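These figures come from a predicted structure and were not determined experimentally.
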Amino acid sequence: MIHTTPTQEYRRTSHQMPGRLFKGLDAKVHSLIGYYRRRSRVLEDLTARAAQIETQAAELGKLSDHKLHERILEFRSRFRRRGRDQEELITDALAVIREVADRQVGLRPFPVQLVGALALHKGFLAEMATGEGKTLTAGLAAVLVGWTKQPCHIVTVNDYLAQRDAEWLKALYHFCGVSVGCVTSTMDPTARRQGYASDVTYTTSKEILADFLRDRLQLGGLYDPARRLIRRMLAPQSAAQDGLVLRGLHTAIIDEADSILIDEAVTPLIISAPHKNEVLREASLIANEIVSALAPETDYRVDWKYREVDLTDSGRQKMQEKCASRSGLWRGTDRRMDMIRQALTAREFFHRGKQYVVTEDKVVIVDEFTGRPMPQRSWRQGLHQAIEAKEGVPISDPTETVARLSFQRFFRLYFQLSGMTGTAHEAAGEFWQIYRLPVITIPTNKPCIRQQWPDRVFAKENDKWRAIVDEIQRLHATRQPVLVGTRNVAASEKLGSMLSERGMVFRLLNAVRHQEEAQIVADAGQPLRITIATNMAGRGTDIRLGKGVTELGGLHVIATERHESGRVDRQLFGRSARQGDPGSAQAFVSAEDELLRRYLPKNLSEYMRNYLQGNWPRKQKVAETAFGYAQHRAQRLAFRQRCAVLKMDDWIDEALAFSGPTVV
């Protein structure tokens, strides 16, 4: 039997209930509160406290490890008794933790990292530039939470970083009397339970949300702790094993918060179960056969902005003729129209090397924001089967939804939420509106001396690619290392093929070739090194410049396209000129880039192409305006999609209100 006290039983599933988001005048007043919370005075106060910590460095440096450990045990005891609300201890505690980090990890936190740790402890979203040491900053703040024995989850973007960071800071946590673990996608329930049992747990957003939903499914009506306690009293033998892996949601520190809380929050996480549906599998093959005979513009029209397809009268006529002799679902007008639209969607909007790759006769989804493969994921409502039919691979069984929760709602379940990222101020309003996270920009430890070169603008995409290869070859001749960022797998493979034709040696990192990601990115700063990477370009991996590279101008970053979000562009450029190193960055764009094709009106996109082909003045300015406008439209559309997810949360709240307060 599991022996737990009533208090422990309540904590195993504890979380706060997220309040409704403000609307109308309330939202405007709430925005003003957000401006006040992130006022400049806050940074000044945190900087002053970091300076106080600095003054203790000399005294603590004289202490033996034994004396330092005694100080640690004293602080741990006081935090355990009194919880987080003891501001008078924070400065002294961080000073001691800083000294431990220096001795145990070999890194002495800079003052700006102390400012970041204080910001995290106070519930801010700290914008810290790439290379400023966010991993160590999170560790400093996590120790303070670990001392309270409340669960602290450090959420990052992939399994590799979760494992690496937990192992890297293990000595710091151990000396401070805090246990640390990690949870990754390959772990079984027993290993997950052990990972979450630690004081500090490193994991990814998808894993912890999936575990939260699985816990709820496991307990069902017994998710309420009061019901579990009653069951224990009435039938103690039945309570011996409930299968929970989590032990409540208390504190979360989000690394790369813009990616996790904004970019990936467009789609809720869904747990599904496969079920046999031979009719759908056969219908997917038939639909693919039918749409192969349809011609764009003549039989159907494509709305690139909203990613929708609509049949013309000619297309409807052809569909009716081809379905006339078929039975089953093909006799129903609405159902067959759904199948045809799904097949056309797979044909027009989902392409191998961009949204997915084919590995071992299986369609594997590629995360468009990170470029990472997601082998355990599938598209819903027959789309995955439509893509499989298009690719000619075996059709998998469809899935049905078992549980669903948005990332916006899940992270609002935590009692204490904070985060870090290199790019946050563009979305400061959204971070505050949805997550109550005030953004604070922390200055760099050393001034950034990156040279941002003007964009190179071309009318045609092929001209742009040739110019990129020419530029890489020119820089390579000087021995300067080059990191090239591409939007998708197909673009990275294309560039790699062009470089190979010129006999140039390079390293390629994408969803197909990702096994040695960290090492490839870490070595990108070596002389003569050419590295091509999709958006997954080793976030969290430090690029150190090789011998003599500083004199060559540092790492040069090339962006082969502008992204829907300017934050992603800044993330890529932030790979160079870290910690005061020299570096440079430049983007190559064309009027045929996907950003303009999708988010500019068709007539304006054609005008841009013609303007850039002609000998007209101010091409650079016109192009910058067009790309800025397209990015603005793309970001507004993504924001509306995230709002739609929030509206679905509200709808579910209202629809399931009868279920009581445990419904999240």
Listed partners of Tyr414 passing ring-ring contact (aromatic ring centres under 6.0 Å, His included), at least two apart:
His153, Phe410

Whether Asp581 and Arg578 form a salt bridge (side-chain N of Lys/Arg under 4.0 Å from carboxylate O of Asp/Glu) is what I want to check.
no

Who pairs with Lys149 by side-chain contact (heavy atoms from CB on, under 4.5 Å), at least two apart in sequence or on another chain?
Arg80, Asp199

Enumerate the residue pairs fulfilling ring pair (Phe, Tyr, Trp, His ring centres under 6.0 Å) with a member in residues 26-56, sequence neighbours excluded, ordered by first and then second residue.
Phe22-His30, His30-Trp432

Sequence neighbours left out, what passes salt bridge (charged side-chain N to carboxylate O under 4.0 Å, His left out) with Glu132? Give chain and number order.
none

Heavy-atom donor-acceptor pair, Thr156 side chain to Ala162 backbone, under 3.5 Å
no

Name all pairs fulfilling the ring pair (Phe, Tyr, Trp, His ring centres under 6.0 Å) condition that reach into residues 129-150, sequence neighbours left out, sorted by first residue then second.
Phe79-Trp147

Between atom CD1 of Ile254 and atom CZ of Phe411, what is the distance when rounded to the nearest 0.5 Å?
4.0 Å

Run the side-chain donor-acceptor check on residues 102-111: report pairs under 3.5 Å with partners two or more places apart or on a different chain.
| from | atom 1 | to | atom 2 | distance (Å) |
| --- | --- | --- | --- | --- |
| Asp102 | OD2 | Arg108 | NH1 | 2.8 |
| Arg103 | NE | Glu99 | OE2 | 3.0 |
| Arg103 | NH1 | Leu63 | O | 3.0 |
| Arg103 | NH1 | Asp65 | OD1 | 2.7 |
| Arg103 | NH2 | Leu60 | O | 3.1 |
| Arg103 | NH2 | Leu63 | O | 2.7 |
| Arg103 | NH2 | Glu99 | OE2 | 3.3 |
| Arg108 | NH1 | Glu99 | OE1 | 3.2 |
| Arg108 | NH2 | Glu99 | OE1 | 3.4 |

Mark yes or no: Arg37 above the aromatic ring of Phe124, with NZ or CZ under 6.0 Å from the six-membered ring centre and no more than 45 degrees from the axis.
yes

Between Arg567 and Glu430, does at least one N-O distance fall below 4.0 Å, as a salt bridge requires?
no

Decide whether Glu127 and Thr441 meet the rule of one side-chain donor and one side-chain acceptor closer than 3.5 Å.
yes

Could you tell me whether a side-chain N or O of Gln579 sits under 3.5 Å from a main-chain N or O of Lys446, the two making a donor and an acceptor?
no

Tyr196 backbone acceptor or donor facing Arg247 side chain under 3.5 Å
yes

Check whether Ser31 reaches the backbone of Ala27 with its side chain - one donor and one acceptor, N or O, closer than 3.5 Å.
yes

